[in-house]
Amino acid sequence: MAGSAPLSGPSGGVALVASGSARGEQQISNDQLGQRVDTNDEWIRTRTGIQARRICGPDQSLSGLAADAGREALSMAGWDADSLDLVLLATSTPDDLFGSAPKVQALLGARNAVAFDLTAACSGFLFALITASQFLRTGAMRRVLVIGADQLSSWVDWDDRRSCVLFGDGAGALALEACPADQDGLLGFQMRSDGSRGECLNVPQSRDRRPLVDGSSHQGGHYEPIQMIGQEVYKFAVREVPAILKALLQDTATSADQLDWLLLHQANQRILDAVADRFAIPHSQVLTNLANYGNTSAATIPLMLDEAVRDGRIQPGHRIASSGFGAGLSWGAALLRWQGPS
Ligand code: ACO
């Protein structure tokens with residue numbers, strides 16, 4: 001492993017050291033979408049809170065966005081890319097179906113890091129953060145970059161007004177470091193999956209049988225655009241997110257008024273408000289930027305985190321309750337304590 005500080009050893013802590021983010025360079029307003037499908041700014045804003053989304057330009061890619069976010073996090077941390085042990089990329093939209101993390105590792109110049117993808121849609125970033133933390137806790141690794149990035153614009157049916165208004169492209173990164181247990185920044189976590197409800201939201205493979213040799217055929221490698229039963233996903237989110245946050249708070253003996261921030265997956269402002277109200281958390285403590293970006297899937301949580309760190313809202317020592325939820329179905333929650341760069 002690269003780096004010089006001692007490993008944390010079994011049951012060590014995980015410090016949340018630095019963050020970064022990147023976004024698609026083309027901004028598309030609600031009114032502009034109304035030129036393409038039968039929708040309007042008033043409908044989208046009142047039902048979702050979204051005003052615009054950012055879509056990758058012709059020279060951008062998923063790997064590029066992820067690397068840009070990662071570079072920002074490394075710069076804030078003051079770390080050399082060579083000191084990383086792992087680049088873990090949460091994405092459902094890799095440039096390469098075999099995985100985009102190694103490409104990101106190469107773009108960053110993180111020559112000593114192993115790199116791989118983790119797919120869990122909008123829960124992906126939290127699942128990746130929790131997964132990476134296990135390597136740090138055991139002392140197997142010392143420095144990790146967790147990146148959540150998605151380019152959903154590639155998979156949206158831009159003629160389906162029920163879903164196309166929701167999504168955008170972005171990336172966010174978090175630099176994590178092994179630390180003593182008493183400085184732990186991952187105070188608790190919960191993770192759930194329910195594949196029996198997966199058809200509420202998916203990107204299924206197209207049924208495309210092609211002849212191979214006499215008597216045999218093979219599946220062609222194509223996918224359908226995003227398919228979503230919006231109301232079911234909405235009901236799932238407003239039921240399961242409060243339940244998992246309640247379990248997280250109980251498990252960590254934390255009361256809602258001890259939280260500095262609520263940082264939820266940015267899917268719909270109405271979902272954010274409903275969850276905050278269930279815990280009587282003032283809306284001023286609910287981090288939200290989906291008006292500008294829409295739902296960037298695995299990127300929403302680290303992108304929001306990075307903006308709030310950079311504008312000074314999130315300060316060292318702040319406690320953040322976070323929850324990701326989405327396709328799978330999958331959902332998770334984590335209680336985080338921000339440390340910041342030393
Ligand atoms: N513009 C105008 N009208 C619209 C639009 C639109 N963009 N979309 C739907 N409508 C119409 C519908 O056709 C329907 O009209 P009808 O009554 O004449 O049939 C009417 O508006 C109401 O449609 P609903 O689907 O009932 O609208 P709802 O209030 O449920 O809002 C929404 C839809 C915003 C999608 C909501 O259900 C939602 O946010 N669900 C959660 C979706 C989500 O967050 N998905 C991502 C999860 S994260 C991940 O893993 C990627």
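The first residue in the sequence is number 1, and the count goes up from there. Just follow the structure's listing: the first ligand is 1, and inside any ligand the first atom is 1.
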S.K.: Within the 4.0 Å heavy-atom shell around G326, which atoms of ligand 1 are there?
M.R.: 48 (S), 49 (C), 50 (O)
S.K.: So which protein heavy atom does atom 1 (N) of ligand 1 come closest to, and at what separation?
M.R.: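 Looking at atom 1 (N) of ligand 1, the protein heavy atom closest to it is T39 OG1, 2.6 Å.
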S.K.: Going by the order shown, which atoms of ligand 1 are within less than 4.0 Å of some heavy atom of T48?
M.R.: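 Checking each atom against T48, I get 34 (C).
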S.K.: Could you see which bit of V165 sits under 4.0 Å from ligand 1, with heavy atoms only: side chain, backbone, both or neither?
M.R.: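 Near ligand 1, V165 shows its side chain, while the N, CA, C and O stay back.
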S.K.: For a 4.5 angstrom cut-off between non-hydrogen side-chain atoms, does L166 reach M228?
M.R.: yes
S.K.: Do the charged groups of R47 and E42 touch, with an N to O distance under 4.0 Å?
M.R.: no
S.K.: Could you tell me whether Y234 approaches ligand 1 through its side chain, its backbone, both or neither, with non-hydrogen atoms closer than 4.0 Å?
M.R.: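 The answer is both, backbone and side chain.
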S.K.: Suppose I only count heavy atoms of A327 and a 4.0 Å limit; which atoms of ligand 1 are within that range?
M.R.: 49 (C), 50 (O)
S.K.: Closest non-hydrogen protein atom to atom 28 (P) of ligand 1, residue and atom name please, with distance?
M.R.: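 Result for atom 28 (P) of ligand 1: R47 NH1, 3.6 Å.
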S.K.: Whether D260 and R319 form a salt bridge (side-chain N of Lys/Arg under 4.0 Å from carboxylate O of Asp/Glu) is what I want to check.
M.R.: no
S.K.: So if I count the atoms of ligand 1 from 1 in the order they appear, which ones are less than 4.0 Å from some heavy atom of R270?
M.R.: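 Under 4.0 Å from R270, ligand 1 has these atoms: 29 (O), 31 (O).
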S.K.: Kindly identify the option in M228, R161, Q269, K235 whose heavy atom sits closest to atom 12 (C) of ligand 1.
M.R.: R161
S.K.: With a 4.5 Å heavy-atom cut-off, do I226 and L201 have their side chains touching?
M.R.: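 Yes - at least one pair of side-chain heavy atoms lies under 4.5 Å apart.
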S.K.: Is atom 39 (O) of ligand 1 touching the protein, meaning some protein heavy atom lies under 4.0 Å away?
M.R.: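 At least one protein heavy atom is under 4.0 Å away.
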S.K.: F325 heavy atoms, cut-off 4.0 Å: which ligand 1 atoms fall inside?
M.R.: 48 (S)
S.K.: I'd like to know if D273 and R270 make a salt bridge, using a cut-off of under 4.0 Å between side-chain N and carboxylate O.
M.R.: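 No salt bridge links D273 with R270.
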S.K.: Taking the basic N atoms (NZ, or NE/NH1/NH2) and the acidic carboxylate oxygens, is any pair closer than 4.0 Å for R192 and D194?
M.R.: no
S.K.: Would you indicate whether R278, at its atom CZ, is surrounded by more than 12 heavy atoms from other residues, nucleotides or ligands within a distance under 6.0 Å?
M.R.: no
S.K.: Counting non-hydrogen protein atoms only, what is the nearest one to atom 26 (O) of ligand 1? Give residue, atom name and distance.
M.R.: Q231 NE2, 2.4 Å
S.K.: Checking contacts here: is it the side chain or the backbone of L201 that comes within 4.0 Å of ligand 1, counting heavy atoms only? Could be both or neither.
M.R.: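 Under 4.0 Å from ligand 1, L201 contributes side-chain atoms alone.
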S.K.: May I ask you to identify the nearest protein heavy atom to atom 46 (C) of ligand 1, giving residue, atom name and distance to one decimal place in Å?
M.R.: N295 ND2, 3.4 Å
S.K.: Can you sort out which atoms of ligand 1 are near A267, meaning under 4.0 Å from one of its heavy atoms?
M.R.: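 Those qualifying, in numeric order: 44 (O).
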S.K.: Check whether L290 and I55 end up in the same hydrophobic cluster, where Ile, Leu, Val, Met, Phe, Trp and Tyr are linked by side-chain heavy atoms less than 4.5 Å apart.
M.R.: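 Yes, L290 and I55 fall within the same hydrophobic cluster.
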S.K.: Among all the protein's heavy atoms, is there at least one whose distance to atom 16 (P) of ligand 1 comes out below 4.0 Å?
M.R.: no
S.K.: By number and element, which atoms of ligand 1 are closer than 4.0 Å to a non-hydrogen atom of F167?
M.R.: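 Matching atoms, with element in brackets: 51 (C).
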S.K.: Considering only non-hydrogen protein atoms, determine which one is nearest to atom 43 (C) of ligand 1 and report residue, atom name and distance to 0.1 Å.
M.R.: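 Closest protein heavy atom to atom 43 (C) of ligand 1: V233 CG1, 3.7 Å.
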S.K.: Looking only at distance, does G230 have an N or O less than 3.5 Å from an N or O of ligand 1?
M.R.: yes
S.K.: Scan the protein's non-hydrogen atoms and note whether one is under 4.0 Å from atom 48 (S) of ligand 1.
M.R.: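 True for atom 48 (S) of ligand 1.
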S.K.: Going by a strict under-4.0 Å cutoff (protein heavy atoms only), does atom 32 (C) of ligand 1 have a neighbour on the protein?
M.R.: no
S.K.: Hey, is atom 4 (C) of ligand 1 under 4.0 Å from any protein heavy atom?
M.R.: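 Yes, because at least one protein heavy atom sits under 4.0 Å from atom 4 (C) of ligand 1.
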S.K.: Would you call the rings of Y223 and W155 parallel, tilted or perpendicular, where under 30° means parallel and over 60° means perpendicular?
M.R.: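 Aromatic pair Y223/W155 classed perpendicular.
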S.K.: Measure from the ring center of F236 to the ring center of W331 and say whether it is less than 6.0 Å.
M.R.: yes
S.K.: For the side chain of Q60 and the backbone of E25, is there at least one donor-acceptor N/O pair under 3.5 Å apart?
M.R.: yes
S.K.: Which residue in the set D251, T252, I320 passes side chain to side chain contact (heavy atoms under 4.5 Å, CB included) when paired with L335?
M.R.: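 Exactly one option meets the side chain to side chain contact (heavy atoms under 4.5 Å, CB included) with L335, and it is T252.
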S.K.: For the CD atom on E199, are there more than 12 heavy atoms of other groups (residues, nucleotides or ligands in this structure) within a distance under 6.0 Å?
M.R.: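 Check fails, neighbour count at 12 or below.
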S.K.: Between E240 and K235, does at least one N-O distance fall below 4.0 Å, as a salt bridge requires?
M.R.: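 Salt bridge absent between E240 and K235.
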S.K.: For ligand 1, does L152 get within less than 4.0 Å through its side chain, its backbone, both, or neither, judged by non-hydrogen atoms?
M.R.: neither
S.K.: Is D117 reaching over with its side chain to a backbone N or O of A101, donor-acceptor style, under 3.5 angstrom?
M.R.: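 A pair under 3.5 Å: yes.
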S.K.: Need the ligand 1 atom indices (1-based, order shown) with element for anything under 4.0 Å from a heavy-atom of H265.
M.R.: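 The atoms of ligand 1 under 4.0 Å from a heavy atom of H265 are 48 (S).
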S.K.: Among all protein heavy atoms in this structure, tell me which lies nearest to atom 8 (N) of ligand 1, with the distance rounded to 0.1 Å.
M.R.: W43 CH2, 3.3 Å
S.K.: Just to confirm my output: which protein heavy-atom neighbour is closest to atom 51 (C) of ligand 1, and how far is it?
M.R.: C122 SG, 2.9 Å
